[in-house]
There are 2 protein chains.
Amino acid sequence: MSAYPQSLTNLIKSLSGLPGIGEKTAARLAMHILNGSKEAALTLADSIIQVKEKIHFCSICFNYADQDPCHICSGLERDKEVICVVETPDDLIALENAGVFKGTYHVLGGALSPLQGLGPEDIRIGQLIGRIKEGGVTEVIIATNPTLEGETTAAFIADQLKDMSVSVTRIASGIPMGGDIKYTDAHTIKRSLQYRTKL
Amino acid sequence: MSAYPQSLTNLIKSLSGLPGIGEKTAARLAMHILNGSKEAALTLADSIIQVKEKIHFCSICFNYADQDPCHICSGLERDKEVICVVETPDDLIALENAGVFKGTYHVLGGALSPLQGLGPEDIRIGQLIGRIKEGGVTEVIIATNPTLEGETTAAFIADQLKDMSVSVTRIASGIPMGGDIKYTDAHTIKRSLQYRTKL
């Protein structure tokens, strides 16, 4: 790499640190930035700085936000009586992009995982209970992933909330829309039969 | 995308502008930057700015450089009597990484291409002739690509220099090391026979 000027070497090194970006790709990206307009480069640099400086956790739902409370928690059109519990901000984004849920969220920041040593105190279950204790919440939809950790987390949260005057529901899991039964794993088929609905 | 906070949306938009980076990849990179250390992010942002502010063309060889003359042209250990002519800075990097050439370079910034409307005045042939007229150059190695444009450019430069007291050579072209004759194209085989060397 010493064949590159120092500042170009530095940029390639920084870009190589990003996930899925090898040294050759980093070099290609660096050359693109170098050959591209100064505006585009400065905009990119500034947006990186802005993200680190402006984005924080929403103090209510713990989603990433550049205002507090976040635009969802502070949204007048959102139903504050329903809280959808997710593991990560990415899950929240996926649900938002589906565009059907009009309630608010609660981002746990992970799922219970004895293997990774993640217990109830490591994810934001206490904060969820706190929100419910404040009142005004009628339903908690648990949208953790249908994985061992996600299911365990859902069961744990349901147990924690069982004595509170709030209905706890779990997102449906089964064969995905457009999916093919013959290519669907046994666990999913079992689940889809177990939770079959009346037509 | 509206589900993301504004500054995150901006970063994703900027990253999507890079070659081979789609919106999903950009989102993954943005999340990595967001979750990563502030130092790493600021280093990346700074290195982008540095590249745009510090990197210029070397006034002698027209390679990218953050000093003028570049570290090769100003290198005391480099042989100033030999100039290796390349099409692009990337070609120069490849030659440098091979680690065998100890002379200096001249980056044309392209090759003659009637189809793309690139004539002798569009690439730095005049500057090359200027360097040779200054004297002290004994050999010019033409390392343009063995393509139609590269060969044309090599022939043109050789013609321009024929009356000057400098030996003009062309990099060898043939079957690549580790290559397989039965998978080698006819042009390459023809060239390898035409320029066969005595053992």
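All chains are named by letter (A, B, ...) in the order of the sequence lines, taking the proteins before the strands, and each is independently numbered beginning at 1. Small disclaimer: the values here were computed from a predicted structure and weren't measured.
Minimum heavy-atom separation, B:Pro19 to A:Leu29: O-CD2, 3.5 Å. Taking each heavy atom of B:Gly20 and A:Arg28 in turn, the nearest pair found is CA-NH2, 4.1 Å.
Linking Ile, Leu, Val, Met, Phe, Trp and Tyr residues whenever their side-chain heavy atoms come within less than 4.5 Å places A:Ile141 and A:Val107 in a single cluster. Following chains of ILVMFWY side-chain contacts shorter than 4.5 Å, one can reach A:Val82 starting from A:Ile171, so the two form part of one hydrophobic cluster. Hydrophobic clustering places A:Leu112 together with A:Val140 (ILVMFWY residues linked when any side-chain heavy atoms are closer than 4.5 Å, directly or through intermediates). At a threshold of 4.5 Å between side-chain heavy atoms, the hydrophobic network of Ile, Leu, Val, Met, Phe, Trp and Tyr places B:Leu108 and B:Leu161 in one connected group. By the rule that hydrophobic residues join a cluster once side-chain heavy atoms approach within less than 4.5 Å of another member, A:Phe156 and A:Leu118 end up as members of separate clusters.
For the pair B:Val51/A:Ile12, no side-chain contact is recorded, criterion being any heavy-atom separation below 4.5 Å from C-beta on. Contact annotation: the side chain of A:Met31 approaches that of B:Tyr64 to within less than 4.5 Å [non-hydrogen atoms, C-beta and beyond]. No side-chain heavy atom of A:Leu42 sits less than 4.5 Å from a side-chain heavy atom of B:Ile48. Two residues are said to be in side-chain contact when any heavy atoms from C-beta on lie closer than 4.5 Å; A:Lys38 and B:Glu53 meet this criterion. A 4.5 Å side-chain heavy-atom check between B:Leu11 and A:Leu44 finds at least one atom pair inside the cut-off. Put simply, the side chain of B:Thr43 does not reach to within 4.5 Å of the side chain of A:Asn10, judged on heavy atoms.
Applying the 6.0 Å contact sphere to NZ of A:Lys54 captures no more than 12 heavy atoms from other residues, nucleotides or ligands. Residue-environment remark: CD (A:Glu139) exceeds the threshold of 12 foreign heavy atoms within 6.0 Å. Heavy atoms from other residues, nucleotides or ligands lying under 6.0 Å from NZ of A:Lys13 number 12 at most. A 6.0 Å sphere centred on NZ of A:Lys190 holds no more than 12 heavy atoms belonging to other residues, nucleotides or ligands.
Note: B:Ser47 OG to A:Gln6 CD = 11.5 Å, rounded to the nearest 0.5 Å. The distance from the CG atom of A:Leu92 to the OH atom of B:Tyr4 is 10.0 Å, given to the nearest 0.5 Å.
Neither the backbone nor the side chain of B:Ser16 has a heavy atom closer than 4.5 Å to any heavy atom of chain A. Contacts between A:Ile21 and chain B at a heavy-atom distance below 4.5 Å involve the side chain alone, from C-beta outward. Contacts between B:Leu95 and chain A at a heavy-atom distance below 4.5 Å are absent for every atom of the residue. Interface remark: A:Ala41 contributes backbone and side-chain atoms alike to the contact with chain B (heavy atom separation under 4.5 Å). Interface residue A:Ser37: only backbone heavy atoms are found under 4.5 Å from chain B.
Judged by distance alone, the side chain of B:Lys52 and the main-chain N or O of A:Ile33 form a donor-acceptor pair under 3.5 Å. With A:Asp66 contributing its side chain and B:Pro5 its backbone, the two residues share no donor-acceptor pair below 3.5 Å.
Among A:Ile49, A:Leu34, A:Leu18, the residue making the largest number of heavy-atom pairs under 4.5 Å with chain B is A:Leu34.
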